[in-house]
Amino acid sequence: MSEHAPSSVSPPSHFIRQLIAQDNKNSRWNGAVVTRFPPEPNGYLHIGHAKSIVLNFGMAAENAGHCHLRFDDTNPEKESVEYENSIKEMVQWLGFDWDTHLYYASDYFELLYQCAVHLIKQGLAYVDSQSAEAMRSGRGTLTQAGQDSPFRGRSVEENLRLFEAMRAGKFAEGEHVLRAKIDMASPNMNLRDPALYRIRHVHHHRTKDAWCIYPMYDFAHSLSDGKEGITHSLCSLEFEDHRPLYDWCLEHCRELVPHHSQQIEFARLNLSYTVMSKRKLLALVNDGLVDGWDDPRMPTLAGLRRRGYSPASIRLFCERIGVSKSPQWVDVATLEQALRDDLEPKAKRVMAVVDPIKVIIENYPEDAQEACSASFHPSIESKDRQFVFSRELYIERDDFMHTPSKGFFRLSPGNEVRLRHAFIIKCERLETDADGQITTLYCRYDPDTKSGSGGRNVKGNIHWVSAADGIKAKARLYDRLFTIEDPDSGGDYQTHLNPNSVLERDIWLEPSIEQLPTHEAVQFERVGYFIADRKSDCRPVRVFNRAVDLKKAKF
Ligand code: ATP
Ligand code: MG
């Protein structure tokens with residue numbers, strides 16, 4: 001783990017943490033803890049992957065072990081270098097470091113081939129030449145045993161010859177597969193002679209055209225774990241039924257891969273108002289429904305980063321949701337709260353008006369300016385923010401009410417309010433356009449009430465930006481991408497897309513924003529946390545993405 005990833009002070013316990021502690025106590029792996037994060041480079045990482053990354057790298061770091069980053073690149077059609085690079089970038093962004101332990105399943109293709117040959121020689125694998133359809137129906141069902149393939153009895157010599165010819169490219173795709181010979185009557189479907197190798201005449205982004213047979217997931221994964229000396233192979237719950245096959249592969253190839261890793265399953269993360277399947281996220285990108293994989297509404301790590309999420313907030317979220325074996329649905333509000341909790345003590349403050357209404361201070365001279373200052377954070381004493389008070393300024397439209405409701409202490413006709421870090425003003429009259437929409441508020445200020453001067457105070461305290469030194473910018477106000485909690489619960493998930501998931505606004509910003517680094521989220525006082533959009537050009541104006549409101553929104 002890099003220095004940027006502080007381990008939490010007293011991490012909550014969970015069954016995997018306990019199990020590893022127990023193993024260490026019993027010197028099960030001589031005290032070693034070697035984990036791995038094994039993404040398939042067929043899409044961008046999402047918040048679900050973050051759970052796995054934090055768990056795998058976290059367990060290794062806590063136990064002075066290693067976590068490997070291993071690309072599970074056994075499906076060449078869907079994989080690419082672009083995905084691979086984005087995965088590396090995001091693991092590092094989250095604050096983790098694989099050090100020298102970067103691996104590729106494709107680096108083991110020769111070893112895996114030798115393992116397959118070894119199985120054939122033991123009479124534990126055979127080349128099946130049935131059609132895909134015949135193979136499928138031959139597998140049986142959950143209530144009905146499968147049937148042996150007519151090719152199950154092929155001799156070792158014939159199998160070796162055919163498998164070699166498969167490798168040499170002598171056959172078309174689908175003509176043959178290599179299957180494990182286990183048990184066609186097993187109650188566990190995964191043990192009914194699962195496929196180990198299939199023919200694919202496709203280019204691989206790393207091995208190029210060296211191979212035209214590719215290993216299946218369970219075979220490649222178990223043996224890659226063993227080859228790397230993984231002690232605790234942490235995977236999601238869907239693989240529980242695959243564990244007997246995982247163990248079978250390692251058990252019967254132990255002459256070539258002696259290390260037998262332990263597979264441990266945990267529940268994957270599901271987040272409300274979100275889809276997490278890479279296939280669906282890819283469709284959103286390809287159908288132009290979002291602005292790429294890193295659209296700030298996407299649950300991808302690239303999207304969350306662009307939205308303003310900090311790596312620490314995501315690690316905090318992952319620690320808070322815990323790890324267990326029961327299916328996990330987490331409210332997206334938990335993620336948002338982790339961000340607020342991370343940013344509150346450190347995000348710098350500035351004022352910004354995101355829905356501006358003009359204010360004229362009638363008793364303040366047109367050509368004058370009054371210097372005001374404030375600190376970048378309540379915990380900082382020095383007032384490094386400099387901005388001016390002037391005759392013309394902007395306040396938030398909803399900080400004014402023509403006919404104030406009960407308990408409304410902000411600006412209204414005849415009422416006083418304090419402009420934060422400046423003076424108390426009183427609204428005298430207003431101007432509307434033809435539609436009755438307020439265009440300008442005419443106010444007076446009380447020169448004896450400058451903030452910090454010890455003068456009188458009023459209940460309301462609102463933010464503002466002067467027209468004299470304010471900076472024009474744009475803000476994108478994001479809402480949830482889907483309108484319902486589980487977009488997968490009924491019909492096509494795309495029909496549940498929120499048509500108002502982004503709203504663009506012209507805003508006014510306090511000039512001290514220029515003093516702050518652009519890649520850190522800031523708090524717009526009383527409005528929310530924002531970050532400069534990393535993709536938008538600064539010209540003609542800067543664009544800020546709203547990461548999250550200050551308070552939990554009501555839905
Ligand atoms: P697919 O296999 O359909 O492409 P995947 O989500 O399994 O999708 P991988 O790249 O194989 O994608 O995932 C890498 C690792 O991340 C796996 O170990 C997987 O268990 C873990 N992972 C993926 N999604 C989640 C999730 N929602 N919660 C926790 N872990 C996850
Ligand atoms: Mg997977």
Side-chain angles (χ1 to χ4, degrees), residues 14-16 35-60 67-80 82-91 94 96 98 103-106 214-218 220-222 224-225 228 230 232-243 246 261-283 285 293 298-304 314-315 317-332 334-335 486-488:
H14 53 64
F15 81 100
I16 294 179
T35 56
R36 85 286 170 269
F37 174 63
E40 185 179 350
N42 64 351
Y44 280 62
L45 296 180
H46 53 57
I47 185 71
H49 293 114
K51 175 177 176 176
S52 176
I53 294 169
V54 170
L55 178 63
N56 279 294
F57 280 92
M59 288 303 98
C67 180
H68 300 183
L69 174 62
R70 182 200 314 138
F71 286 103
D72 168 22
D73 54 349
T74 53
N75 278 309
E77 291 102 321
K78 294 182 182 159
E79 297 164 2
S80 76
E82 176 201 343
Y83 293 139
E84 197 182 299
N85 290 339
S86 76
I87 289 170
K88 285 185 195 160
E89 186 185 349
M90 283 302 128
V91 172
L94 271 184
F96 298 104
W98 52 85
Y103 303 103
Y104 295 84
S106 56
Y214 289 96
M216 301 301 286
Y217 178 83
D218 291 296
H221 195 75
S222 52
S224 304
D225 280 352
E228 290 174 19
I230 301 300
H232 303 84
S233 175
L234 314 177
C235 65
S236 39
L237 219 49
E238 320 84 82
F239 292 101
E240 195 161 28
D241 288 348
H242 295 239
R243 194 188 332 137
Y246 179 98
S261 318
Q262 182 186 358
Q263 175 176 309
I264 303 157
E265 309 86 15
F266 64 94
R268 61 169 55 219
L269 165 69
N270 295 293
L271 204 58
S272 65
Y273 299 96
T274 308
V275 293
M276 208 87 92
S277 133
K278 276 191 267 182
R279 186 177 56 77
K280 289 177 183 161
L281 295 175
L282 177 65
V285 173
W293 281 100
M298 291 279 268
T300 51
L301 296 179
L304 291 169
I314 293 175
R315 295 194 302 262
F317 168 76
C318 292
E319 282 293 355
R320 280 184 181 169
I321 60 173
V323 180
S324 81
K325 274 189 177 282
S326 14
Q328 184 177 43
W329 268 98
V330 175
D331 191 335
V332 67
T334 309
L335 179 63
D486 180 6
D488 286 320

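Counting starts at 1 for both ligands and their atoms, following the listed order.
Residue E40 places at least one N or O, backbone or side chain, under 3.5 Å from an N or O of ligand 1. Residue-to-ligand polar distances place L269 within reach of ligand 1: an N/O pair is separated by less than 3.5 Å. By the 3.5 Å distance cut-off applied to N or O atoms, P38 is not counted among the residues near ligand 1.
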Q.
As a quick check of understanding, evaluate side-chain contact (heavy atoms from CB on, under 4.5 Å) for F96 and V54, giving each step before the final call.
A. CA-CA 8 Å; F96 298 104; V54 170; 4.0 Å; yes
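H242 has its ring centre no less than 6.0 Å from the ring centre of Y246. With ring centers used as reference points, Y217 lies under 6.0 Å from F239.
One option in R268, R36, K278 has a heavy atom closer to atom 7 (O) of ligand 1 than any other, and that option is R268. The heavy atom nearest to atom 20 (O) of ligand 1, out of those in A50, P41, S236, is found in S236.
Few gaps surround NZ on K325; more than 12 heavy atoms of other groups in view lie less than 6.0 Å from it.
Using a 3.5 Å distance cut-off with no hydrogens or angles, the side chains of R36 and S233 do pair a donor with an acceptor. Looking only at atom types and distance, the side chain of E238 has a donor-acceptor partner in the side chain of S236 under 3.5 Å away.
Within the 4.0 Å heavy-atom criterion, neither part of D72 lies near ligand 1. Contact annotation: for F37 versus ligand 1, heavy atoms closer than 4.0 Å belong to the side chain alone. Of the heavy atoms in H46, only side-chain atoms (C-beta onward) come closer than 4.0 Å to ligand 1.
Residue S52 has at least one heavy-atom neighbour below 4.0 Å for each of these atoms of ligand 1: 16 (O), 21 (C), 30 (N).
Rounding to the nearest 0.5 Å places CZ of F15 at 8.0 Å from CZ of F266.
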